[in-house]
Amino acid sequence: MPKPTERRSFWTWGYVSDEPSEAERNHAAQQISQRLGTVVSPPKVPRIKDIEIRESRLRIPERLNEFTTTDHAERVTHTYGGHSTELLAAIRGHFPHPPDAVAHPRNEDELEMVLDWCTTNQVSAIPYGGGTTVVWGVNVPPSCESAISIDMDCMSEVLEIDEVSRAARVQAGILGPHLENALRPHGLTLRHFPQSFPWSTVGGWIATRSGGHYATNHTHIDDFVESTTMLCPSGRFETRRLPGSGAGPSPDRLVLGSEGIFGVITESWLRLQKRPVFRASLGARFSSWEKGTEAVRAIVQTKLWPANLRILDPVEAMLNAGLNGNDSLLILGFESGDYSQQSPIEIAAEIIRDHGGNFEQDDILVDDGTGRATGRGGAIGAWRQAFIGVNAGAGLGLGLLSDTFETAITWDQWPNFDAHIRERVGSVLREVLGSSATLACRFTHVYPDGPAPYYSFSGPVPIGEEFNHWKIVKEAANEAVISGGGTITHHHAVGRMHKPAWTKQIPTGYNEVLRAAKRELDPAGILNPGVLVDF
């Protein structure tokens with residue numbers, strides 16, 4: 001698959017064609033103006049050629065020139081990931097720490113040449129997938145004397161499909177849609193759809209342990225990885241392709257979630273499945289958030305394994321599904337490539353009724369292979385559109401601070417944990433953003449032993465003070481999550497943003513284990529400095 005010809009956007013997710021139009025930005029400004037009670041206008045987007053960045057500090061050797069560049073636009077578009085603080089800095093033309101060069105290796109030999117040159121010359125090397133990281137995972141730290149961004153977009157092929165075992169060997173730079181397009185003629189699918197799916201890569205999913213479409217059972221990319229190949233400064237790190245193994249600590253676990261600190265992921269064997277044909281869906285309202293979450297627990301502990309099992313609290317359901325502000329919305333969906341989903345959804349519906357959920361029998365939509373759309377109308381459809389319709393740039397710089405944080409916690413701790421988060425983070429929100437600030441929650445994934453709650457917050461902020469206000473709220477959220485017993489991240493990764501809190505979560509001695517692995521695989525410490533470990 002050739003390198004994409006369209007330029008990435010430097011101020012929102014995706015490509016130039018994904019950028020919100022002026023009409024969309026003006027519409028966002030009108031909505032925010034109504035909420036804030038004052039007129040705001042979208043900031044002017046600078047022309048990429050007018051953005052000032054420092055001169056490159058590198059002289060690229062001739063052997064790398066064919067696939068490495070110090071081009072102005074390339075350096076600008078590889079400066080930031082996709083977090084709102086980065087996008088806001090980008091739309092304001094603030095690029096103090098761009099990479100000095102960008103490499104697009106076309107094969108492992110060229111990637112090895114880049115890593116060797118960086119090791120010899122002490123140049124920091126930062127692997128780059130789709131650039132959608134929201135935890136400062138691809139930034140050049142200010143302390144770096146020079147840095148090169150390694151974009152894997154030219155290594156983006158499906159190399160092999162094993163239809164007998166239902167697996168595919170794919171290169172790390174392939175984007176989600178391109179992978180699915182290649183699998184579709186074979187009647188197969190990976191069925192891993194993170195919210196960043198249109199613009200993120202397989203390598204990025206593996207490096208960050210991304211969470212995908214499934215709310216139960218197959219939730220992380222971990223569940224789909226059969227083997228991995230990673231090119232390190234010390235050499236090739238390739239695991240054996242197996243359906244399972246009990247032979248010591250899994251080497252794949254060193255690659256999954258490594259966030260580019262040990263090597264650059266080049267390819268992987270991924271487990272596939274038949275494309276779903278049979279579907280069923282249901283939306284149910286609960287007058288009590290607590291009863292709704294208990295219904296979710298009851299369903300997941302039956303091990304029916306719905307593809308979609310989420311609940312939105314009253315604030316989330318009001319803002320993104322059009323409910324009344326008092327009811328929670330439970331969203332349920334089943335799918336299979338082999339058999340009707342009529343029976344499992346009826347069992348789950350009975351559980352919902354037993355827990356006080358409200359719905360009509362006609363709300364249960366079943367597709368027995370005829371192509372009937374399920375889950376596309378009403379409150380479910382409204383929420384679905386809000387969820388998949390990521391438009392990261394429309395509301396930038398308009399005086400409204402919005403962000404999220406996500407975690408996971410066991411069911412026995414959940415009620416107290418939720419109360420703890422709402423009290424601690426809610427009080428800081430009201431103090432920093434005022435009484436009109438909102439804090440909402442939904443479950444993105446659920447397990448038999450606990451949920452993965454995803455909190456969203458927003459509120460008015462003085463234009464120009466966004467970062468300082470965000471930092472106060474984010475630090476309060478991190479502290480509340482860790483002190484409450486949760487994980488600092490369920491699927492957004494650690495990056496540089498979550499590293500301080502992550503070090504409080506991991507076992508004593510684990511940092512030294514990671515440092516020892518890094519010394520072996522990346523002896524010069526060139527790869528993604530500042531992520532996971534100090535070296």
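These figures come from a predicted structure and were not determined experimentally. Numbers here simply count residues along the sequence, with the first being 1.
- Using a 4.5 Å cut-off on side-chain heavy atoms (C-beta onward), Arg7 and Thr77 make contact.
- The pair Arg92-Glu466 meets the salt-bridge criterion, since a charged nitrogen lies less than 4.0 angstrom from a carboxylate oxygen.
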Going through the checks in order, is the salt bridge (Lys or Arg N to Asp or Glu O under 4.0 Å) test met by Glu226 and Arg169?
CA-CA 9 Å; Glu226 201 173 56; Arg169 182 166 68 98; over 6 Å; no

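- With rounding to the nearest 0.5 Å, the separation of OG1 in Thr216 from CG in Asn308 is 9.0 Å.
- Note that the CG atom of Leu532 and the CZ atom of Arg515 stand 11.0 Å from one another [nearest 0.5 Å].
- No side-chain N or O of Ser84 forms a donor-acceptor pair with one of Trp470 less than 3.5 Å apart.
- Ion pairing of Glu108 with Arg236 is present here, as a side-chain N (NZ or NE/NH1/NH2) and a carboxylate O approach within less than 4.0 Å.
- A ring-ring contact (aromatic ring centres under 6.0 Å, His included) with His220 holds for exactly one of His490, His491, His213; it is His490.
- The CG atom of Leu521 lies 9.0 Å from the CD1 atom of Ile261; values are rounded to the nearest 0.5 Å.
- Atom CG of Leu256 sits about 10.0 Å away from atom CE of Met230, to the nearest 0.5 Å.
- Surrounding CD of Glu160 are more than 12 heavy atoms belonging to other residues, nucleotides or ligands, all under 6.0 Å away.
- In this structure, CD1 in Ile488 is found 9.5 Å from OG1 in Thr503, a value given to the nearest 0.5 Å.
- Ring orientation note: the planes of His192 and Phe224 are nearly perpendicular, at an angle over 60° on the 30°/60° scale.
- In this pair, Tyr214 and His218 present their aromatic rings perpendicular. The plane angle is above 60°, beyond the 30 to 60° band.
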Kindly list each side-chain donor-acceptor pair under 3.5 angstrom involving residues 179-189, sequence neighbours excluded, with atom names and distances?
| residue | atom | partner | partner atom | Å |
| --- | --- | --- | --- | --- |
| Glu180 | OE1 | Thr189 | OG1 | 2.8 |
| Glu180 | OE1 | Arg275 | NH1 | 3.2 |
| Glu180 | OE2 | Thr189 | OG1 | 3.2 |
| Glu180 | OE2 | Leu190 | N | 3.1 |
| Glu180 | OE2 | Arg191 | N | 3.4 |
| Asn181 | OD1 | Arg184 | NH1 | 2.8 |
| Asn181 | ND2 | Pro177 | O | 3.2 |
| His186 | ND1 | Glu163 | OE2 | 2.8 |
| Thr189 | OG1 | Arg191 | N | 2.9 |

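- Defined by atom type and a distance below 3.5 Å, a donor-acceptor pair is present between the side-chain atoms of Thr219 and Tyr447.
- A salt bridge is absent between Arg271 and Asp223: the closest approach of a Lys/Arg side-chain nitrogen to an acidic carboxylate oxygen does not fall below 4.0 angstrom.
- Taking OG of Ser250 as the reference point, atom CG of Asp222 lies at 10.0 Å (rounded to 0.5 Å).
- With salt bridges taken as basic N to acidic carboxylate O contacts below 4.0 Å, none links Arg57 and Glu145.
- The backbone N or O of Phe262 lies less than 3.5 Å from no partner atom in the side chain of Ser258, so there is not a single donor-acceptor pair.
- In this structure, the side chain to side chain donor-acceptor pair (under 3.5 Å) partners of Asp50, at least two apart in sequence or on a different chain, are Arg47.
- Classified by interplanar angle (parallel below 30°, tilted 30° to 60°, perpendicular above 60°), the ring pair Tyr80/Phe95 is tilted.
- Taking the charged nitrogens against the carboxylate oxygens, Lys474 and Asp403 have no contact shorter than 4.0 Å, which rules out a salt bridge.
- Using a 4.0 Å cut-off between charged nitrogen and carboxylate oxygen, Arg241 and Asp162 count as a salt-bridge pair.
- For the pair Trp117/Pro61, a side-chain contact is recorded, criterion being any heavy-atom separation below 4.5 Å from C-beta on.
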